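Just below is one structure, and these are the notes that go with it.
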Amino acid sequence: QVQLVESGGGLVQPGGSLRLSCAASESIDNFNHMGWYRQAPGKQREWVALLTRGGFRQYADSVKGRFTVSRDNAKNAVTLEMNSLTPEDTAVYYCKTSTGIWGQGTQVTVSS
């Protein structure tokens with residue numbers, strides 16, 4: 001079974017940027033798509049972005065224009081570039097394969 005490890009989270013000021021990475025234990029080409037999700041304190045987990053094997057990208061309205069999902073084939077990873085961060089982006093960010101495997105998450109905190 002594939003294993004996913006997210007990294008890159010941390011504390012950032014409003015307006016700042018972070019780049020998350022989701023490294024897979026096998027080629028991400030083995031999956032129809034990879035997704036990013038997030039869960040804020042006291043809220044349900046929500047979908048953030050999706051990248052298909054063919055390169056199609058899709059984003060939640062709340063992050064469109066600010067977040068970019070990409071792939072790093074050399075590292076079997078999917079990345080999430082996050083810009084213009086606001087406190088509302090504070091959450092644990094998870095990646096997930098199209099087969100339903102989740103990573104352990106990485107905390108993103110946006111605060112001054």
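One-based numbering along the sequence shown. When reading the values below, keep in mind they use all heavy atoms of this one structure, side chains included, and skip hydrogens, waters and symmetry mates. Treat the numbers as computed from the prediction; the structure is a model and nothing was measured.
At least one side-chain heavy atom of T106 sits less than 4.5 Å from a side-chain heavy atom of L20. Using a 4.5 Å cut-off on side-chain heavy atoms (C-beta onward), D89 and R66 make contact. Two residues are said to be in side-chain contact when any heavy atoms from C-beta on lie closer than 4.5 Å; T90 and Q107 meet this criterion. Between L80 and M82 there is a side-chain heavy-atom pair separated by less than 4.5 Å. Proximity of W36 to E6: side-chain heavy atoms (C-beta onward) are separated by under 4.5 Å at one or more points. Using a 4.5 Å cut-off on side-chain heavy atoms (C-beta onward), M34 and C22 make contact. Taking 4.5 Å as the limit, every side-chain heavy atom of N76 sits out of range of all side-chain heavy atoms of E26. For the pair V2/F31, a side-chain contact is recorded, criterion being any heavy-atom separation below 4.5 Å from C-beta on.
Summarising the local packing, CD of E46 is surrounded by more than 12 heavy atoms from other residues, nucleotides or ligands at distances under 6.0 Å.
In terms of hydrophobic clustering, with Ile, Leu, Val, Met, Phe, Trp and Tyr side chains grouped at heavy-atom distances under 4.5 Å, I101 and L51 are assigned to a common cluster. Placement of Y93 and Y59 within a single hydrophobic cluster is found when ILVMFWY residues are connected by side-chain heavy-atom separations under 4.5 Å, directly or transitively. Under a hydrophobic clustering in which Ile, Leu, Val, Met, Phe, Trp and Tyr are joined whenever their side-chain heavy atoms come within less than 4.5 Å, directly or via other members, V110 and L18 fall into the same cluster. Residues L50 and V78 do not share a hydrophobic cluster, clusters being chains of Ile/Leu/Val/Met/Phe/Trp/Tyr side chains in contact below 4.5 Å.
Within the model, atoms CG of L4 and OG of S21 stand 10.5 Å from one another, a figure rounded to the nearest 0.5 Å. The CG atom of D29 sits 6.0 Å away from the CG atom of N73 when rounded to the nearest 0.5 Å. Taken from OG1 in T79 to CZ in F67, the straight-line distance is 12.5 Å, to the nearest 0.5 Å. Distance NZ/K75 to CD1/I28: 12.5 Å, rounded to 0.5 Å. The distance from the OG atom of S111 to the CG atom of L85 is 12.0 Å, given to the nearest 0.5 Å. Here Q58 contributes atom CD and W47 contributes atom CH2; the two are 4.5 Å apart, rounded to the nearest 0.5 Å.
Using a distance-only test at 3.5 Å, with no hydrogens or angles considered, no donor-acceptor pair links the side chain of R57 to the main chain of T68.
Ring geometry for Y94 against W102 counts as perpendicular: the plane angle is over 60°, on a 0 to 90° scale with 30° as the lower cut.
The side-chain hydrogen bond (donor to acceptor under 3.5 Å, both in side chains) search around R53 returns N32, not counting sequence neighbours.
Of all heavy-atom pairs between T52 and H33, the closest is CA-CB, 3.8 Å.
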